[in-house]
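For reference, the structure discussed in these notes is given below.
Order of the sequence lines sets the chain letters (A, B, ...), proteins ahead of strands, with each chain counted from 1.
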Amino acid sequence: MIKVCFSLLLFLQMLFAENLVVVAERHSDIPALSAEQVRMVFLKKRRFWKTLKLHPLNLPPREPLRQNFEKKVLHLSQGKLDAYWTKEHYLGVRPPYTLGSVKSTILYVKKVKGAIGYIPESKVDGGLKILYRVEK
Amino acid sequence: MARLLSLFLLWVVFFSSILKAEDTKYELGQGVQLGTLPLYMGGYFSLLYRDTFDNERLFELENVALMLYGEKENLSYMMELEAENVYSEVFQNEDADVVNEHFHIERLYLEYAFNESYALRAGKFNSPVGLWNQIPINVLRDTSSNPMHSRILFPQFTSGLDVKYTANNENEMRVDLLLQENEDFDNLISKEIYNNFETDRHYGIGLSLTEQAVSYRLNAGVFRTVTADEYYYVSAAFLYDIADLRLQGEVGTQFDQDKSTIPYIGYIQGRYTFEEKHEAIVRLESYDDRSTETKDTFAVLGYTYRPLYPIALKGEYQWHTLHNEDRVMFSLSILF
């Protein structure tokens, strides 16, 4: 019975899940990005856009939005991501800065030049520019 | 030894006090931020047991290291101090026991990124040659032992400049230009050269490319030792990484102005994660080192258990074609 309820919940979540979008502030010079470019930015393999320093932002590890993003954009399992960031620590590179909520991400993106975050598409307002859309 | 132990305890107390003071949520293998400064601290150590059967049986605190690093706008910085072979106990031969509590400069550099394509690194750093040498510490490498390719072909460290070019294209193309015209930076604190070769010159060039699951790396260079011997090297590497399987190989050659000093050296290795946290490794190595008149071909069979990624418990067995070189090794290593 529990399994059935859990499966139903998952199904409903999938049904009503919305698109994820990667955003920067409205006047940002960063153009629309490809999936590979977004991946490079969030793995800190690409740290500048021309001369602009990029600041990718993460949500907390257990946040479903982050898990969805990591699965669909980074294409890395949790184990591989742990291994990746442990190696980067040795190389002197930190993971993306983690913020506590979508609301904080939006505020940070609007305030800091070069900041890039991912949020549900329904939260996009006039102060943001969509760089990449992750279809559900 | 007592001084080293005191330093280690001091480091543990310092580390704990930072965590407590800042109420930081610490994650093993990710280091810790010093207050609100753009500075992070981490470190690692490794313990090794090695039995070469008829020859030697030893237990060793292989290395202890402290890292400080960070970045501010376009500038990033790294300092790593390491004590190597800190304590060795050779069984049935107490005279061979070693205590070495001296810290060396393993890495010390500043890097300035001019834009998305160009960056300049100045200081002492791991030579960006091949694959293994990029992340050579016990806890992050696949086996307790290092392949001979990363030990005798080129200088593991460069004390000078690395001019980097990154294409930011789909195949992640990167070019490194190495320039060294001075002695090892460890001279600054120890009057020693902390490197596999005692170099005072190193020029090199490297190209790396990634095509989906496959990465390639090509390197060529020339280095001079403090005894004025000059060597040229060429190295090629590939890495194929997909799901639970990773295959990699590196080959190279070294020569001086008159003759070939290492006509060939290389290895091929497969790593398979057969269950989460459990890895099996098979490596085949072969080399011909004319300077020491050593020619060997050997196989390494290893197993690694990682309860958490920054903790590695490893075992390996080596079969050599050379007599008396077979060995078994076990290690425990942790990255903080």
What part of [X] gets within 4.5 angstrom of chain A, counting heavy atoms only: side chain, backbone, both, or neither?
X: Ile135(B); value: both
X: Glu71(B); value: side chain
X: Arg306(B); value: neither
X: Phe125(B); value: neither
X: Tyr109(B); value: side chain
X: Ala243(B); value: backbone

Worksheet item: Which bit of Lys50(A) comes within less than 4.5 Å of chain B, counting heavy atoms only: side chain, backbone, both or neither?
Response: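 Both parts, backbone and side chain.
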Worksheet entry | Proximal component of Ser77(A), with respect to chain B [non-hydrogen, under 4.5 Å] | neither
Fill in: Close side-chain approach of Phe48(A) and Asn74(B), heavy atoms under 4.5 Å
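Counting from C-beta outward, Phe48(A) and Asn74(B) do come under 4.5 Å.
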Surrounding [atom1] of [X] (heavy atoms of other residues, nucleotides or ligands, distance under 6.0 Å), is the total greater than 12?
X: Glu276(B); atom1: CD; result: no
X: Phe114(B); atom1: CZ; result: yes
X: Lys71(A); atom1: NZ; result: no
X: Tyr240(B); atom1: OH; result: no

Worksheet item: Tell me the salt bridge (Lys or Arg N to Asp or Glu O under 4.0 Å) pairs involving residues 108-135 of chain B, sequence neighbours left out?
Response: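 Non-adjacent pairs meeting salt bridge (Lys or Arg N to Asp or Glu O under 4.0 Å): Arg46(A)-Glu116(B), Glu111(B)-Arg121(B), Glu111(B)-Lys164(B), Lys124(B)-Asp184(B).
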Fill in: Qualifying salt bridge (Lys or Arg N to Asp or Glu O under 4.0 Å) pairs, either residue in residues 101-117 of chain A, two or more places apart
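Pairs touching residues 101-117 of chain A that pass the test: Lys110(A)-Asp125(A).
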Worksheet entry | With sequence neighbours excluded, residues passing ring-ring contact (aromatic ring centres under 6.0 Å, His included) with Phe185(B) |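 Counting only residues at least two positions away or on another chain, Phe185(B) forms no ring-ring contact (aromatic ring centres under 6.0 Å, His included).
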Worksheet entry | Options Asn168(B), Asn115(B), Leu140(B), ranked by heavy-atom pairs under 4.5 Å with chain A, top entry | Asn168(B)
Discussion item. Counting heavy-atom pairs under 4.5 Å with chain A, which one of Met78(B), Arg107(B), Lys277(B) comes out on top?
Written reply: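 When all of Met78(B), Arg107(B), Lys277(B) are compared, Arg107(B) has the most.
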Discussion item. What residues of residues 81-96 of chain A make heavy-atom contacts with chain B at a cutoff under 4.5 angstrom?
Written reply: Ala83(A), Trp85(A), Thr86(A), Lys87(A), His89(A), Tyr90(A), Leu91(A), Gly92(A), Val93(A), Arg94(A), Pro95(A)
Discussion item. Between Lys45(A) and Glu172(B) (salt bridge meaning N to carboxylate O under 4.0 Å), is one present in this structure?
Written reply: yes
Item to complete: Salt-bridge test for Lys80(A) and Asp244(B): reply yes if a basic N is under 4.0 Å from a carboxylate O, no otherwise.
Response: no
